[in-house]
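Here the structure is laid out as structure tokens; the discussion comes afterwards.
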Amino acid sequence: MRRQIIVMFCSLFLLLSGAAQGGTAVDRGALFKLEQGGHTAYLFGTIHVGAADFYPLEPRVMQALQRATVLALEVDPLGDQAKIVQAVRQHGLYARGGGPASAELPAEYRPRLARLLRRYAIDDGAVAAMKPWMLASLLTVSEFAAQGYQASLAVDSWLSQQARKRKLPVLELESVGGQMALFSGMSAAEQALFLQEGIAAIEDQEQAAQAREITDAWRKADAAALEALARKAADDGTFSGRFVQQVLLDGRNPALADNIVKLLAREKNSLVAIGVLHLVGTNSVPELLKQRGVAVERIY
């Protein structure tokens with residue numbers, strides 16, 4: 001059962017499946033040109049779910065990929081699978097005898113969780129060993145899927161596939177274990193609250209609305225809408241909202257910027273693709289790169 005859980009979680013949260021093609025090439029997300037010391041990198045904003053009509057990506061991104069000597073991602077979803085499985089075991093699952101996550105919830109939330117699992121056709125036994133943060137992430141991905149967006153069609157996975165077709169090295173700016181450690185670093189009570197707020201957000205349609213807002217803004221490369229999403233995230237006073245802003249965005253952006261600067265120093269031409277919300281708002285990666293002496297031009 002634990003192996004089944006690991007495989008299911010990896011396929012959903014870490015986007016291990018390939019992406020289809022089928023759309024018209026138009027601007028998506030956000031694209032920046034970076035220059036320092038005679039070297040150039042293109043910085044592209046992704047989302048970690050997708051749809052078939054996202055692809056192919058527009059010509060400037062594909063040309064940057066063609067010229068690049070390396071593709072840099074937050075983590076490579078098609079990378080070392082043993083490391084991914086180990087990270088899931090270490091950070092996402094209870095030690096033997098622990099769980100289930102429902103036991104961490106107030107009594108009123110347990111039937112509400114059960115209803116959501118039935119809605120998404122998720123078997124109770126399949127998630128019995130998942131820690132609350134991991135189960136909350138699964139519910140979020142399931143709600144995105146209900147809106148027509150799939151982890152298997154994620155932009156990160158598609159770019160990794162394209163790089164491999166071109167025999168292009170794929171560099172990780174972070175690690176799967178490091179990313180998951182941010183979630184497992186929450187206390188048991190904080191993880192339970194994270195799950196509670198996730199349940200409530202799905203029930204009141206907030207999660208569905210957010211899924212549409214994010215994907216629509218990314219689809220249209222709508223800079224104003226992306227900045228509005230950044231402001232909304234910064235103003236979110238819920239525990240999960242503060243966690244996303246303070247830990248997943250503000251906490252990671254400096255190291256992402258530092259690693260991009262190091263990449264620029266080594267590679268003459270590269271393509272960097274990270275989550276689009278890292279590229280907008282206060283203390284965004286582009287702003288931090290400017291502070292580090294990088295010439296930054298927003299293309300769209």
Taking all heavy atoms of [X] and all of [Y], pick out the closest pair and write down the distance.
X      : Y      : answer
Val296 : Pro286 : CG2-O, 3.9 Å
Leu226 : Trp218 : CD2-N, 4.5 Å
Glu104 : Ala188 : OE1-CB, 4.2 Å
Ala223 : Arg298 : CB-NH2, 3.7 Å
Gln196 : Pro106 : OE1-CD, 3.2 Å
Val176 : Val75  : N-CG1, 3.6 Å

Are any non-hydrogen side-chain atoms of [X] and [Y] less than 4.5 angstrom apart?
X      : Y      : result
Pro254 : Arg292 : yes
Val170 : Val70  : no
Val272 : Ile274 : yes
His278 : Leu256 : yes
Leu173 : Leu73  : no
Leu279 : Ser284 : no
Leu229 : Ile214 : yes
Asp80  : Ile84  : no

key: Arg242 charged N/C atom sitting above Phe239 aromatic ring, 6.0 Å / 45°   = no
Check: [X] side chain, [Y] main-chain N or O, donor-acceptor pair, under 3.5 Å:
X      : Y      : value
Tyr55  : Leu153 : yes
Arg252 : Leu248 : yes
Arg112 : Glu108 : no
Gln207 : Gly198 : no

task = Could you walk me through whether Phe194 and Trp133 pass ring-ring contact (aromatic ring centres under 6.0 Å, His included), step by step?
result = CA-CA 6 Å; Phe194 190 77; Trp133 77 262; 8.0 Å; no
message = If you apply the rule side-chain contact (heavy atoms from CB on, under 4.5 Å), what do you find for Arg166 with Gln162, and how did you get there?
response = CA-CA 6 Å; Arg166 292 166 168 77; Gln162 299 306 305; 3.5 Å; yes
Looking only at the side chains, is there a donor atom on one of [X] and [Y] sitting less than 3.5 Å from an acceptor on the other?
X      : Y      : value
Gln179 : Glu174 : yes
Gln147 : Glu143 : yes
Asp156 : His48  : yes
Ser160 : Asp76  : yes

task = Kindly indicate, with the supporting measurements, whether the criterion side-chain contact (heavy atoms from CB on, under 4.5 Å) is fulfilled by Gln150 and Phe144.
result = CA-CA 7 Å; Gln150 302 174 41; Phe144 268 82; over 6 Å; no
About how many Å separate [atom2] of [Y] and [atom1] of [X], when rounded to the nearest 0.5 Å?
X      : Y      : atom1 : atom2 : result
Asn259 : Leu171 : CG    : CG    : 8.0 Å
Ser270 : Leu65  : OG    : CG    : 11.0 Å
Glu297 : Leu34  : CD    : CG    : 10.0 Å
Ser240 : Gln245 : OG    : CD    : 12.0 Å
Arg164 : Leu71  : CZ    : CG    : 9.0 Å
Arg266 : Lys262 : CZ    : NZ    : 8.5 Å

message = Consider salt bridge (Lys or Arg N to Asp or Glu O under 4.0 Å). Of Arg219, Lys220, Arg60, which one does Asp27 pass it with?
response = Arg60
inquiry  = side-chain contact (heavy atoms from CB on, under 4.5 Å) for Val261 and Gln36? Distances and angles first, verdict last.
reply    = CA-CA 8 Å; Val261 170; Gln36 190 174 55; 3.9 Å; yes
key: Steps toward ring-ring contact (aromatic ring centres under 6.0 Å, His included) verdict (Phe44, Phe32)   = CA-CA 7 Å; Phe44 180 59; Phe32 296 78; over 10 Å; no
query = Can you check side-chain contact (heavy atoms from CB on, under 4.5 Å) on Glu58 and Leu31, steps first, answer last?
reply = CA-CA 11 Å; Glu58 61 95 1; Leu31 183 64; 3.8 Å; yes
